[in-house]
Structures are given as C-alpha cells and as structure tokens.
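These notes concern the structure reproduced below.
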Amino acid sequence: MKRVVVGLSGGVDSSVAAYLLKEQGYEVIGLFMKNWHDDSVTISNECPWLEDSNDALLVAEKLGIPFQTVDLSEQYKEKIVDYMFNEYEKGRTPNPDVLCNREIKFDVFMKIAMSLGADYVATGHYCRKGTIEKDGKEIYQLLAGKDGNKDQSYFLCQLSQEQLSKALFPIGELTKPEVREIASKLDLITAEKKDSQGLCFIGKVRLPEFLQQKLQPKEGVIIEIPAEAEIYHQEKPQFNSEEEAFAFESRRIDYLKVPGKVMGKHQGAHYFTKGQRKGLNVGGTKEPLFIIETDVEKNIVYTGQGNQHPGLFKKALFIANEEIHWIREDLALKEGEKMEVVARIRYRQPLQKATLNQFKDGMYVVFESPQSAITEGQFVAWHLNDEILGSGVIA
C-alpha cells in the first residue's frame, strides 16, 4: 500500500484531495504547515492559521486519517519573506505563491513527508500530472486543471522532474463546484469555506502594509507621462540581428529625460508595481492613472492615463539563463533555437501566442501582440496545448 502525505491547509480543495486518495486505496496522512508567526511584523488581530489548522484537524478526524502540524516558519522566513523584501527593495515584484510551491511545499515539506516514509506528496491544486515514455525513460508532464476557471498549473511552473515524480494532484480532473459538492456530501467543515486570497502565508494582510513594516517609507514624486510623448512614436533603429531587435523591444524606457507632469507624492517607489492603479491617491485626471514604471534608485513613480497607455505595453521580455527553468528538460532550447508556444505573464491571464528565442546569455519571449504590464521579478510560463513546459523570471 502506497503512503501519501497530503498538505491539509484547512481549505476545501485539500480536504477533498485527502478523501479521494483514501478512496483510491492509499494510506493517507494529513500534515498542516504552519508558515508564519512573526510578531515583529504584526499583521492583524485575526489569526487565520489557528482557525485553519483546527479545520484541517477536524477534516482529518472525519476522514479517519492521522494528522500532525509542522512548523516551517523558519524556512519560510528565510526562503520566501526575506526574498520578497529583497526583490521589492530592488524594484522587482516577486510572486511568493510560485516560490512557496517550489521552495516550501515541494521541497522542505516534501522532505518531511519522505522522512515519514511517504511515496508521494499530494496537494489540492487544480492541475494534472501526465507521464510519457521517451527513450525508455519516464518523463512527467505538468498539465492544466480540467476547470479552466481555476487552473492553477501556473503556480507550479517552477517544479522539477524530481518534484513532479513524487507529486499527486487528486482534484485536477474536477471542477470547483464538483469539489464543493463532494465536501458537502461528506459533511466536511470546509465545504462552504471561502477561497483564501492573497499571499499564501500572510493570511489577511494587504501587501503595502506588510512591506511598510520592513521597507522604510521615503517621499518621492508621481509623474504623469503623456501618451503622445515622443519616446513612443520614434522610428525604430535599424538592427543587425534579431537579438538586438528583441533587446530593443524588451528594454526598460528611461523616463528621466521625458517631459512629464508632477501629479503628487508617494511614500516609496518600492511599494508600487507596474500596471497598478490603486493606491496612488491622485485624482483629477480624465482617465485613471496606471503605473507604467518605477525607479527605485531615484524614487520616482511614472504613470500614464488609462489602461491603453503606450507605456504599459511591450512585445518582448528577457530571461537570464540562470532564471530559465524547464520542467520538460528534454525540450530545453539550445543557443540559436526557437520554439512557438503559448505563454502567460501572470496567473489567470489568457494564454498568448509567443516565440521563445534562446541566445547565449538568455532567452527572449516575443509575443505576437504587445502585452500589458510585463513586470520584472514575475514569472512567465510557457505551454504547448495544456502542458506547461517551463517558466522563467522576467528580467
């Protein structure tokens, strides 16, 4: 009998995942991960993890499976929280959920599970795992979940073959309503529970407040760049190579020399991210202001009016070699090779046609149509049909 450790989060998805595995004849153990209790970063008086671990315990009792709690807050702080502050300080916008899966759930947590004699680790993610054979070797595929509305394969875009080999995603074939229905039939306490929002560890906190506790506020100006600015309407230079052309398409525009208008003040450029429109507290423009760029060195936030402002759009992005990750190592591109894919630059974005172009120092992802708010530090993931082949950090 194969043993599976399920990460019970106290939510409906992982509860039903545990039930399905038991039905399939696995020996199931429930494990709740406690990731966060740093009182120096006070968050709110609500303490979601206590309630969640209690719900997880009740689910385990109902399903008749052993249950324990593991405290991973040390590793969490070091691998996720510190990383986030570092990234924000550099003016990049990290994705803690993607990292949490790579560094915590399918690494630290997986090692604990294996030490309990587990054959597999299971989570309540809406995605599927496929297996194919190639040259006599088994290769694992990460596939989109059946529920197009809830597909979470993006969050797992940094997993490796090794991690996938030991992973199970029991609810990947189901839709959210089907999952809730199973939970109701079993009368599980989590059946009606709302989906958790926000960072996978901070519970009910809004990011700026969280960041302000570690990154010191410093006042700077908010500048509006007009859509008519010359920089958007210049002739493109002649390029000697595709690489030069892509570098031009993916470049960061330096707005220091572009005439703009001071619209107000902010408390620190590192609290803001490209494409953001809330939190600027500047009114009086015909269309809402969107952030088109932040300069953390000079502490300036650049904005433009409306979600069609040319400063929001780019056709290409770059990933440095050390930030390229292939789930399908067998398909990795060599220097000079290209691949037609569909890609997304954020969770839930509809997939976009693009071409991967591998050069000596890294890879350019070139989109068929310009993309809004390509954000440094976020992950781009690329697919063939419903399989994620790999991902990378946007440079």
Side-chain angles (χ1 to χ4, degrees), residues 83-84 87-88 90-102 125-127 142 144-145 148-159 198-200 207 246-253 272-278 290-294 302 304 307-328 333 338-359 362-395:
Y83 165 85
M84 281 178 64
E87 288 286 277
Y88 275 105
K90 289 184 205 146
R92 299 189 359 157
T93 308
N95 188 319
D97 296 305
V98 172
L99 275 169
C100 179
N101 286 315
R102 181 183 84 192
H125 283 101
Y126 287 85
C127 64
L142 178 60
N149 210 15
K150 285 292 296 178
D151 167 35
Q152 290 172 314
S153 53
Y154 175 79
F155 291 128
L156 301 169
C157 67
Q158 284 277 299
L159 295 193
L199 304 183
C200 63
L207 197 62
F246 299 153
F248 179 80
E249 292 287 357
S250 66
R251 79 199 188 288
R252 236 185 119 118
I253 294 178
F272 295 94
T273 178
K274 223 180 271 185
Q276 182 179 335
R277 63 172 276 201
K278 297 200 167 59
F290 285 80
I291 293 175
I292 57 174
E293 193 64 83
T294 59
Y302 294 101
N307 61 4
Q308 295 303 306
H309 188 282
L312 282 170
F313 291 88
K314 274 187 197 168
K315 265 195 81 151
L317 62 86
F318 182 69
I319 311 165
N321 276 336
E322 61 275 10
E323 305 267 31
I324 298 172
H325 171 74
W326 286 91
I327 297 175
R328 287 290 303 276
L333 294 181
K338 301 174 181 262
M339 184 190 281
E340 305 262 319
V341 294
V342 281
R344 58 167 57 104
I345 52 172
R346 61 181 70 88
Y347 176 52
R348 300 202 71 140
Q349 180 198 24
L351 288 162
Q352 310 285 318
K353 282 188 169 172
T355 310
L356 307 179
N357 302 267
Q358 180 68 52
F359 294 99
M363 182 199 284
Y364 284 98
V365 181
V366 182
F367 292 93
E368 196 173 81
S369 45
Q371 299 298 306
S372 175
I374 291 178
T375 307
E376 291 154 45
Q378 291 275 307
F379 290 89
V380 55
W382 51 89
H383 302 230
L384 280 185
N385 305 320
D386 62 354
E387 178 182 3
I388 291 203
L389 305 182
S391 63
V393 181
I394 300 170

Output yes when a side-chain donor or acceptor of Q352 lies under 3.5 Å from a complementary backbone atom of P350, and no otherwise.
-> yes
Taking all atoms of both residues into account, what is the closest heavy-atom pair of V393 and F379, and its distance?
-> CG2-CE2, 3.6 Å
Here the gap from R102 atom CZ to H325 atom NE2, rounded to the nearest 0.5 Å, amounts to 8.0 Å
Roughly how far, to the nearest 0.5 Å, is the CD atom of Q378 from the CD atom of E87?
-> 10.0 Å
Under 30°, 30 to 60°, or over 60°: which ring-plane class applies to F155 and Y347, parallel, tilted or perpendicular?
-> tilted
May I ask you to decide if F318's main-chain N or O and S250's side chain share a donor-acceptor pair within less than 3.5 Å?
-> no
Would you call F290 and K274 a side-chain contact if the rule is heavy atoms closer than 4.5 Å?
-> no
Main-chain N/O of T273 paired with Q276 side-chain donor or acceptor, under 3.5 Å = yes
At their closest point, which heavy atom of I374 faces which heavy atom of A316, and how far apart are they?
-> CD1-O, 4.0 Å
Just by distance, do the side chain of N95 and the backbone of D97 share a donor-acceptor pair under 3.5 Å?
-> yes
Which heavy atom of I327 sits nearest a heavy atom of L156, and at what distance?
-> CD1-O, 4.3 Å
Could you walk me through whether E249 and V366 pass side-chain contact (heavy atoms from CB on, under 4.5 Å), step by step?
-> CA-CA 9 Å; E249 292 287 357; V366 182; over 6 Å; no
Measuring from Y154:OH to I388:CD1, what's the distance to the nearest 0.5 Å?
-> 9.0 Å
Could you tell me how the ring of F246 sits relative to the ring of Y364: parallel (under 30°), tilted (30 to 60°) or perpendicular (over 60°)?
-> tilted
Say whether, by atom type as modelled, one donor and one acceptor occur between the side chain of Q152 and the main chain of Y126 under 3.5 angstrom.
-> yes
Nearest atoms (heavy-atom pairs only) where S391 meets C157 = OG-O, 2.7 Å
Determine yes or no for a side-chain-to-main-chain donor-acceptor pair under 3.5 angstrom, with Q349 supplying the side chain and I345 the backbone.
-> yes
Say you draw a straight line from CG of L389 to CE of M339; how long is it, rounded to the nearest 0.5 Å?
-> 6.0 Å
Mind checking the OH-OH spacing from Y88 to Y83? Nearest 0.5 Å is all I need.
-> 10.0 Å
Spell out, as yes or no, whether a donor-acceptor pair under 3.5 Å connects the side chain of N357 to the backbone of K338.
-> no
Could you tell me whether a side-chain N or O of E293 sits under 3.5 Å from a main-chain N or O of I291, the two making a donor and an acceptor?
-> no
S153 side chain to D151 main-chain N or O, any donor-acceptor pair under 3.5 Å?
-> no
Please collect all side-chain hydrogen bond (donor to acceptor under 3.5 Å, both in side chains) contacts where either partner lies in residues 310-321, sequence neighbours excluded, each pair once.
-> N321-Q358
Closest non-hydrogen atoms of L317 and I319, given as atom of the first, atom of the second and distance, are CD1-CG1, 3.8 Å
Is there any salt bridge (Lys or Arg N to Asp or Glu O under 4.0 Å) pair reaching into residues 346-358, and which pairs are they, with sequence neighbours excluded?
-> none
Any side-chain heavy-atom pair of I292 and H309 under 4.5 Å = yes
Search all heavy atoms of F367 against all heavy atoms of A343 and return the closest pair with its distance.
-> CE2-CB, 4.0 Å
Would you say S372 and N307 make side-chain contact, with heavy atoms under 4.5 Å?
-> no
Between CG on residue L142 and NE2 on residue H383, distance to nearest 0.5 Å | 8.5 Å
